[in-house]
Amino acid sequence: MVSTGKLFVKPKGAFFMKGFKLKRGVSKPVGIAVFTTVMLIMAIVILLYHNPLADPVQEIVKKVIACIIIAATIVIFICLYDKITVLPLELYQSRHLIWKLAKNDFKKRYAGSYLGAVWAMVQPVVTVVMYYIVFDVIMGTGRGMVPDKPYVLFLTAGLVPWFYFSEALNSGTNALIEYNYLVKKVVFKISVLPIIKIIAATFIHAFFILVLLVISACYGYFPTVYTLQILYYSACLFIFVLGLCYSTCAIMVFFKDIGQIISILLQIGMWATPILWDVEALSPTIQMIVKINPLVYIVNGYRSAIFERSWFFEDFYSTMYFWIFTVVVFGIGALVFKRLKVHFSDVL
């Protein structure tokens, strides 16, 4: 390094190497090798795993489908490596900015209101109370549906992740529209906008997790080491909804009707996901169809963290399916966002 007064001139090679590390993180061959190794290990574990209680035919079908999806994912990742990895690298490099913007977004949402963030917590609580009164107190169907558990706790454990998912998806989808003035700035990384909306929704979600733990303690289900799995399932839901939002927010810029479509799908999903009802009451065949919905894994996970003494990896096939599905969704979201973002400023 050569000093010229206050001006420091770095050797060209050193500057290039530092810029290369910041921009790329790891080299392309290493990134591909790491991803491929992880996916192959996952495939081997799936092939070697055997559940003696499962139907042999269904188990073979699950393994074949999982391996096909893993192989396709590896091929797509190798072919589109540069496009897929841009988004995660940008998020990592902007992590401090993301945290500051997320806190500001949460504060701004309730600025000028006397009760502030309390309003964000009132509506879900009222919803839980109304469902409990209608289905358990008035109709009495809750006690018949889950006779071995308090229905209000069963219901709350299902609604807490659902509220988080619906709030994060709605706010993340509208992120580019809401922050359109930042989208038009050339130097601003617009890829951080969806994630700051989801982090802002996570603040409210953390409050409802505390409410869930208090309710469970009131019914004698005190926190144990298994309860820590709520953090794992929250992280699962965060990554899954983030991948969805990168697709939906990009499409929202060009097709505003997607917001209404999402609202309708959320209404349908509320009843298609075992939130008010127990999936175990269905036949094994119907259960397998219902569990195609990745949110079933999340909702059941929250309940198992409260009620049961089991780890998430004990539900092996559901865990593998969820993460394979989430990786695919995130990859699609990254590709869609990168492909469309060059046109955002023109449309907005």
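Side-chain atoms are counted along with the backbone in the values below, which use heavy atoms only and exclude waters and symmetry mates. Being a predicted model, the structure only gives us computed values, none of them experimental.
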Checklist line | same_hphob_cluster(Leu228, Phe222) at 4.5 Å side-chain heavy-atom cutoff | finding: no
Notebook entry, point to check: Should Glu178 and Lys197 count as an ion pair when the cut-off is N to O under 4.0 Å?
Noted result: yes
Next item on the list: Hey, could you give me the CG/CG distance between Leu182 and Leu193, rounded to the nearest 0.5 Å?
Entry: 6.0 Å
Item checked: Contact check, side chains of Phe344 and Asn180, non-hydrogen atoms, under 4.5 Å -> no
Notebook entry, point to check: If every non-hydrogen atom of Tyr151 is compared with every non-hydrogen atom of Leu276, which pair is closest and at what distance?
Noted result: OH-O, 3.0 Å
Check: Once the angle between the rings of Trp162 and Phe165 is folded into 0 to 90°, is it parallel (under 30°), tilted (30 to 60°) or perpendicular (over 60°)?
Finding: tilted
Margin query: If I compare all heavy atoms of Val336 with all of Ala250, which pair ends up nearest, and what's the gap?
Written below: CG1-CB, 4.2 Å
Check: Is the ring centre of Phe238 less than 6.0 Å from the ring centre of Tyr233?
Finding: no
Checklist line | ring-ring contact (aromatic ring centres under 6.0 Å, His included) assessment of Tyr317 paired with Tyr49 | finding: CA-CA 9 Å; Tyr317 286 117; Tyr49 178 80; 5.3 Å; yes
Next item on the list: Please determine, by modelled atom types, if Tyr302 and Gln229 share a side-chain donor-acceptor pair under 3.5 angstrom.
Entry: no
Next item on the list: Using a 4.5 Å cut-off on heavy atoms from C-beta on, say whether the side chain of Val211 contacts that of Val160.
Entry: no
Notebook entry, point to check: Does Ile78 reach the side chain of Phe35, with side-chain heavy atoms less than 4.5 Å apart?
Noted result: no
Check: Is a side-chain donor or acceptor of Thr248 paired with a backbone partner of Leu169 at a separation under 3.5 angstrom?
Finding: no
Next item on the list: Nearest 0.5 Å please: distance from the CD1 atom of Ile70 over to the CD1 atom of Ile44.
Entry: 10.0 Å
Margin query: Contact between Leu87 and Lys338 at the side-chain level, heavy atoms closer than 4.5 Å - yes or no?
Written below: no
Next item on the list: Look up atom CD1 in Ile196 and atom CG in Asp105, then write down how far apart they are to the nearest 0.5 Å.
Entry: 5.5 Å
Margin query: Less than 3.5 Å apart, any donor N or O on the side chain of Ser191 or Tyr246 sitting next to an acceptor on the other?
Written below: no
Next item on the list: Please step through side chain to side chain contact (heavy atoms under 4.5 Å, CB included) for the pair His205 and Phe163, ending with a clear verdict.
Entry: CA-CA 8 Å; His205 180 61; Phe163 286 146; over 6 Å; no
Notebook entry, point to check: Do Ile60 and Ile65 share a hydrophobic cluster (ILVMFWY, side-chain heavy atoms under 4.5 Å, transitive)?
Noted result: no
Margin query: Looking at every non-hydrogen atom in both residues, tell me the closest pair between Pro274 and Arg303 and how far apart they are.
Written below: O-NH1, 2.6 Å
Checklist line | Any side-chain heavy-atom pair of Pro294 and Thr326 under 4.5 Å | finding: no
Item checked: Derivation of the side chain to side chain contact (heavy atoms under 4.5 Å, CB included) call for Asn293 and Val296 -> CA-CA 6 Å; Asn293 176 5; Val296 176; 3.9 Å; yes
Notebook entry, point to check: Can you check whether Tyr226 reaches Ser304 side chain to side chain, under 4.5 Å on heavy atoms?
Noted result: no
Note to self: Using a strict threshold of under 4.0 Å (side-chain N to carboxylate O), is an ion pair present between Lys149 and Glu280?
What the structure shows: no
Next item on the list: Evaluate side chain to side chain contact (heavy atoms under 4.5 Å, CB included) for Ile76 paired with Thr73, printing each intermediate quantity in order.
Entry: CA-CA 5 Å; Ile76 294 173; Thr73 303; 5.9 Å; no
Notebook entry, point to check: Can you hop from Ile84 to Val342 via hydrophobic side chains spaced under 4.5 Å?
Noted result: no
Checklist line | For Ser216 against Ile306, the heavy-atom pair lying closest together | finding: CB-CG2, 3.7 Å
Note to self: I want to check something: taking the side chain as every heavy atom from C-beta on, are Ile292 and Tyr321 in contact at a cut-off of under 4.5 Å?
What the structure shows: yes
Check: Is it true that Trp99 and Phe203 have ring centroids separated by less than 6.0 Å?
Finding: yes
Notebook entry, point to check: Can you name the closest pair of heavy atoms from Leu47 and Lys63 and give their distance?
Noted result: O-NZ, 3.1 Å
Note to self: Under 3.5 Å, is there a donor on one side chain and an acceptor on the other for Tyr297 and Asp315?
What the structure shows: no
Notebook entry, point to check: In terms of hydrophobic clustering (I, L, V, M, F, W, Y; side-chain heavy atoms under 4.5 Å; direct or indirect links), are Leu159 and Leu265 co-clustered?
Noted result: yes
Check: Heavy atoms, side chains only, cut-off 4.5 Å: are Phe316 and Ile46 in contact?
Finding: yes
Margin query: Test of understanding: clusters of I, L, V, M, F, W, Y form through side-chain heavy atoms closer than 4.5 Å, transitively. Do Leu231 and Leu213 belong to the same one?
Written below: no
Item checked: Interatomic spacing from CE in Met42 to CE in Met39 - rounded to 0.5 Å -> 5.0 Å
Next item on the list: Over all heavy atoms of both residues, which pair between Leu155 and Ile275 is shortest? Give the atoms and the distance, please.
Entry: CD1-O, 4.0 Å
Note to self: What's the separation between atom OG1 in Thr173 and atom CD1 in Ile261, rounded to the nearest 0.5 Å?
What the structure shows: 11.5 Å
Notebook entry, point to check: Is the NZ or CZ atom of Arg95 positioned over Tyr92's six-membered ring, under 6.0 angstrom from the centre and within 45° of the axis?
Noted result: yes
Notebook entry, point to check: Do Thr227 side-chain atoms and Thr224 backbone N/O form a donor-acceptor pair below 3.5 Å?
Noted result: yes
Note to self: Run the side chain to side chain contact (heavy atoms under 4.5 Å, CB included) test on Asn300 and Val279 for me, step by step, so that the C-alpha distance in whole Å, both residues' side-chain angles and the decisive distance to 0.1 Å come before the verdict.
What the structure shows: CA-CA 9 Å; Asn300 286 344; Val279 69; 3.8 Å; yes
Margin query: To the closest 0.5 Å, what do you measure between NZ (Lys28) and OG1 (Thr85)?
Written below: 8.5 Å
Check: Relative to the ring of Phe240, is the ring of Phe322 parallel (under 30°), tilted (30 to 60°) or perpendicular (over 60°)?
Finding: tilted
